[in-house]
Amino acid sequence: MHRPVIRLDRHAALEPCRTIDPANLESGTPQEAIRQFGVADDGRFTVGIWSCTPEKDRIAEFPVDEFCVILEGVVELIDEAGHAERFVAGDAFFVPRGFRGWWHTLEPVRKLYAIYDRSAA
């Protein structure tokens, strides 16, 4: 079966979405948008671009493994022990399934993501 390579256009138009659970929101009024470019046949692996305005939300337990590249903006991830990592445009990072802490969007962000969801099928 022929499957073409998919270009992940960093400037692609995004569609409004809601991924942040309002019950976990600690600050901000996030405006989110997303563009999903590809999904593996088994539904476990997805890639796309997500954007969000400043906000801070609590992550009780991150449900997936996610690789991110910040295209624009600034985010900070803070683990339960209080260790903070700040990421800016050009930075890449991995958030493992089970991470607990906070996601803090400090400046409007646009990120490229690749997610592996063990529970999808």
Side-chain angles (χ1 to χ4, degrees):
M1 174 172 149
H2 172 71
R3 296 188 68 175
V5 170
I6 300 169
R7 177 179 294 274
L8 306 179
D9 180 1
R10 66 182 285 142
H11 303 291
L14 308 181
E15 296 291 327
C17 70
R18 172 173 261 164
T19 63
I20 298 169
D21 182 346
N24 296 329
L25 192 61
E26 293 191 1
S27 67
T29 307
Q31 301 298 309
E32 300 176 83
I34 199 165
R35 168 87 184 267
Q36 190 168 284
F37 288 97
V39 179
D41 290 340
D42 65 2
R44 292 180 186 218
F45 184 76
T46 59
V47 295
I49 293 178
W50 174 84
S51 69
C52 190
T53 56
E55 58 80 32
K56 184 177 184 181
D57 66 287
R58 174 86 169 121
I59 301 169
E61 186 168 348
F62 205 62
V64 296
D65 291 301
E66 182 175 0
F67 171 75
C68 303
V69 178
I70 301 298
L71 302 173
E72 301 171 8
V74 180
V75 299
E76 187 172 65
L77 273 74
I78 307 138
D79 65 23
E80 286 185 308
H83 177 77
E85 290 284 344
R86 186 171 286 200
F87 303 98
V88 300
D91 287 345
F93 58 97
F94 176 73
V95 183
R97 180 175 175 232
F99 171 83
R100 292 183 173 133
W102 293 264
W103 175 284
H104 191 182
T105 302
L106 299 164
E107 294 178 11
V109 70
R110 190 173 180 103
K111 73 172 182 179
L112 171 68
Y113 66 84
I115 291 175
Y116 179 69
D117 183 350
R118 302 173 203 199
S119 65

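Side chains are part of it too, since the values below use all heavy atoms of this structure and drop only hydrogens, waters and symmetry mates.
Sparse packing is recorded around CD of E15, with 12 or fewer heavy atoms of other residues, nucleotides or ligands lying under 6.0 Å away.
Shown are E55, K56, E32; of these, the side chain to side chain donor-acceptor pair (under 3.5 Å) with T105 is made only by E55. Results of the side chain to side chain donor-acceptor pair (under 3.5 Å) test with W102 over E76, E26, E80 single out E26 as the only residue that passes.
Hydrophobic clustering places F45 together with L8 (ILVMFWY residues linked when any side-chain heavy atoms are closer than 4.5 Å, directly or through intermediates). I6 and L112 fall within a single hydrophobic cluster, where Ile, Leu, Val, Met, Phe, Trp and Tyr side chains are chained together by heavy-atom contacts under 4.5 Å. Criterion: ILVMFWY side-chain heavy atoms under 4.5 Å apart, direct or through other members. Under it, V95 and I49 are not part of a common hydrophobic cluster. Under a hydrophobic-cluster definition in which Ile, Leu, Val, Met, Phe, Trp and Tyr are linked whenever side-chain heavy atoms come within less than 4.5 Å, directly or via other members, I78 and F99 are assigned to different clusters. A continuous path of Ile, Leu, Val, Met, Phe, Trp and Tyr side chains, each step under 4.5 Å between heavy atoms, connects V47 with F67, placing both in one hydrophobic cluster.
K111 is listed as a side-chain neighbour of I70, based on a closest heavy-atom distance under 4.5 Å. I34 has its side chain out of reach of L14: every pair of non-hydrogen atoms, C-beta onward, lies at least 4.5 Å apart. Within the 4.5 Å cutoff, side-chain heavy atoms of P108 are placed close to those of P54.
Side-chain atoms of R97 do not come within 3.5 Å of backbone N or O of Y116 as any donor-acceptor pair.
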Please assess D117 against T46 for the test side chain to side chain contact (heavy atoms under 4.5 Å, CB included), listing each intermediate value before the final yes or no. CA-CA 8 Å; D117 183 350; T46 59; over 6 Å; no

Chi angles and distances behind the side chain to side chain contact (heavy atoms under 4.5 Å, CB included) call for F93, V75: CA-CA 11 Å; F93 58 97; V75 299; 4.3 Å; yes

Can you check side chain to side chain contact (heavy atoms under 4.5 Å, CB included) on R86 and V74, steps first, answer last? CA-CA 7 Å; R86 186 171 286 200; V74 180; 3.7 Å; yes

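Distance check, rounded to the nearest 0.5 Å: CD of Q31 to SG of C17 gives 10.5 Å. Atom CZ of residue R58 and atom NE2 of residue H104 lie 14.5 Å apart, to the nearest 0.5 angstrom. The CG atom of D21 sits 11.5 Å away from the CD1 atom of I59 when rounded to the nearest 0.5 Å.
Pairing each heavy atom of R35 with each of A12, the nearest pair is NH1-CB, 3.3 Å. Contact between E66 and Y113 at its shortest, heavy atoms only, is OE2-CB, 3.2 Å. Counting all heavy atoms, side chain and backbone alike, A92 lies closest to V69 at CB-CG2, 4.1 Å.
Taking 4.0 Å as the cut-off between side-chain N and carboxylate O, R118 and D65 count as a salt-bridged pair.
The aromatic rings of W50 and W103 lie perpendicular to each other, with more than 60° between the two planes, well past the 30° mark.
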